[in-house]
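Just so it is clear, the model here is predicted, and its values are computed rather than measured. Each chain gets a letter, A, B and so on, in the order its sequence line appears, and its residues count up from 1.
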Amino acid sequence: MRNALAEIAKYAFAFAVAALAGAVLVAVMRGDVLGAYRTFVWSSLGTAGGFAQTLNKMCPLLLGGLAVGLALRGGYFNIGVDGQIYAGAIAATGVALALETVANPALAPFAVVVGVLGGAAFAAIPAVLRAWWSVNEIFVTVMLNFVAVFLTEYLTTGPWNDVMAGEAITRLIPDAAKLPMLSVRAGSHVGIFLALASAVLVWLVLERTRWGFEVRALGDNERAARVAGIRTAWVTAAVLVASGALAGLAGAIEVTALHHRLILGLTPGYGIMAILIAVLGKARPLGILAASFAMAILLVGSDSLQRSVGLPASAALVFQALIVLSVLFVDAKRSVRA
Amino acid sequence: MSASAVVTLLLDPELWRLMLTMAAPLVLAGLGELVMERSGVLNVGVEGMMAVAAAVAFLTMLKTGTLLGAAAAAMAATLGLAVVLGYFAITLRSAQLTVGLCLFVFGTGLASLLYRLVIGVTTATPTVQTLPRLAVPGLAEVPFLGTVVFTQNALVYLALALVPVLAFLLVETSLGLRLRAAGENPRALDTVGVNVRALRYGAVAVGGLLIGLAGAYLPLAVTGAYSDGIVGGRGWIALMVVIFGRWQPGWALVGAILFAYTEALQFKLALVTKAVPPQVLLMLPYVVAIVVLVRLYQGAEPPRALGLPYERESRL
């Protein structure tokens, strides 16, 4: 009981730090602080449209958080979720545009699957390098983020460019490749169900399968896992590929359910927010679920303050990082005292 | 393209000069990270710290017009971030990788936020004058080397000079010996009465200052403007440079030059070829980095206590 209260107090403290930072920022910009808080909560939770926005943002954040968290359970840091989101989005867009003339409703799920494979394939590079060449996955995934962004820039301004738009965006994908809306009026799409299902799946795999046990064993103690007969190289490769697949799914959903095209700037740093979410959620699916919901609220709320008081979009990232640093601070303080 | 044309292109003195210009931030950040890691503290937040430094340096330069003030403000900002990292890593004994990653994200957001708060949304990107080139009298006329080495901006000279200075301090002085001991065997150091914490805090502070200078270099010496992607992975590459250099300043310089060469080559190729899309050329430094990475870890031995918090009271 006392532990639970201490945990609640910890998160309350962390969110208070972020709220205080927000108040200072709004005050610096000569905005009305209380009004800003009201706008923040109302825009993200208070209306059907706002809540739909929150769910739409939660989708890539949850999937990205699961991607980072899954790799983390195996003892690896996937910093390349942004790149893998782009890879998934590119693959989904590619297949949707290539099959433009096929007016078959199966095209949408097919594009999503191809997107998942795209993310997985992109993550296979750091996976293989880590598993069999002991190359640090952090560096490889970070470098591949840049490669993915430039590839997206090339495709959105070059071969797939929408010449009418005059922006770095591709042509629209055909209607058959679009995932359905959850609520047309509110503007939410079905992606959130895919993300929630993924969270359940990741939990089941980690806690209820032999492979999941091997992943956790690897993350706890690599040497012990190897001595126990686990083929650590294969588990390493698989967990990083699976991590990329989750990110790829996020990218595919952004294309088939939200933007209906590939755009440069498709992920405004979901991948680095995902790192925070995985840390905040302690790499557990349920924790990641809660953390991604909170971060989505922050993102949508901050976004509305951008319109009302001109709060820069990057403020959300600062708030998110402050929350996680505050939690790490309290955790560390406690363990030092203990 | 004929073979001789390729050789002429690869050995073009202008290309090599650009290489050194682009190597300087990698050298500065790499040396900063090296000092921290040699003392046993791992800082993976370099990229975010450099971003904050770039924003602060640019904004200070824009508002005050003083180069020294801009560099000092940037270094003060990263010093602050480094002390936060030090507090978590040294005093609170947190997982350094996790804290470093969070600082990377925090810095990335903070840099962009500061810029937007001061500049707002504008159509015209504000710019500042970049550092002038200083030709070293007498040496600048030497064929090839004169162009490559002796017509650089002041910070390139500073970065190059810091390499032997730091190598000397690390290897030849008792302070350097103690610093290295803090990263190899902190308990032994503690046993002879040296304050491990103070040493590590000192190393983190020095590292933060150097990383700040590296970040400030980008708007002040290269672009003359700030954009959110300005660091462009150089913070991560600085971390690789340290490993490439086996935690030794001289070899870190070689690593920085190697990475900077591919970056300069990409600029050069974009000028001479129209056949390849520019984005493919822009990928080149990152792809090369991955190729280098494959060999990077073979035989690399980090300081033995790197990333491990030192607990005085713990049992052996």
| said: Within the structure provided, determine whether A:Val318 and B:Leu110 are in side-chain contact (heavy-atom separation under 4.5 Å). | reply: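 A:Val318 vs B:Leu110: side chains touch.
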| Are A:Val300 and A:Phe40 side-chain neighbours, meaning at least one heavy-atom pair lies under 4.5 Å? |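 Counting from C-beta outward, A:Val300 and A:Phe40 never come under 4.5 Å.
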| task | Answer yes or no: are there more than 12 heavy-atom neighbours, outside A:Trp132 itself, under 6.0 Å from its atom CH2? | result |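 More than 12 within 6.0 Å, yes.
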Which atoms of [X] are under 4.5 Å from chain B, going by heavy atoms: the side chain, the backbone, both sets, or neither?
X: A:Leu325; result: both
X: A:Leu311; result: neither
X: A:Leu328; result: both
X: A:Ile138; result: side chain
X: A:Val140; result: both
X: A:Asn145; result: neither
X: A:Ile275; result: side chain
X: A:Phe319; result: neither
X: A:Val142; result: side chain
X: A:Met29; result: side chain

| Once the angle between the rings of A:Phe146 and B:Tyr286 is folded into 0 to 90°, is it parallel (under 30°), tilted (30 to 60°) or perpendicular (over 60°)? |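 A:Phe146 and B:Tyr286: parallel rings.
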Looking only at the side chains, is there a donor atom on one of [X] and [Y] sitting less than 3.5 Å from an acceptor on the other?
X: A:Asn78; Y: A:Gln84; answer: yes
X: A:Tyr86; Y: A:Thr267; answer: no
X: B:Asp190; Y: B:Tyr310; answer: yes
X: B:Tyr226; Y: B:Thr125; answer: no

| Nearest heavy atoms of A:Arg334 and A:Ala6, plus distance in Å |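 Minimum heavy-atom contact is NH2-O, 2.9 Å.
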Can you say whether [X] sits under 4.5 Å from chain A via the side chain, the backbone, both, or neither, judging by heavy atoms?
X: B:Leu296; result: neither
X: B:Tyr115; result: neither
X: B:Leu239; result: both

| Point-to-point distance, once rounded to the nearest 0.5 Å, from NZ of A:Lys333 to CG of B:Leu92 |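 CG of B:Leu92 is found 5.5 Å from NZ of A:Lys333.
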| Which one of B:Leu117, B:Val287, B:Thr108 has the most heavy-atom pairs closer than 4.5 Å to chain A? |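 Highest number of heavy-atom pairs under 4.5 Å: B:Leu117.
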| message | Which one wins on heavy-atom pair count under 4.5 Å against chain A: B:Gly233, B:Ser94, B:Ala289? | response |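 Heavy-atom pairs under 4.5 Å are most numerous for B:Gly233.
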| task | Could you tell me which of A:Asn136, A:Val279, A:Leu322, A:Val324 has the largest number of non-hydrogen atom pairs under 4.5 Å with chain B? | result |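 Among A:Asn136, A:Val279, A:Leu322, A:Val324, the one with the most close pairs to chain B is A:Asn136.
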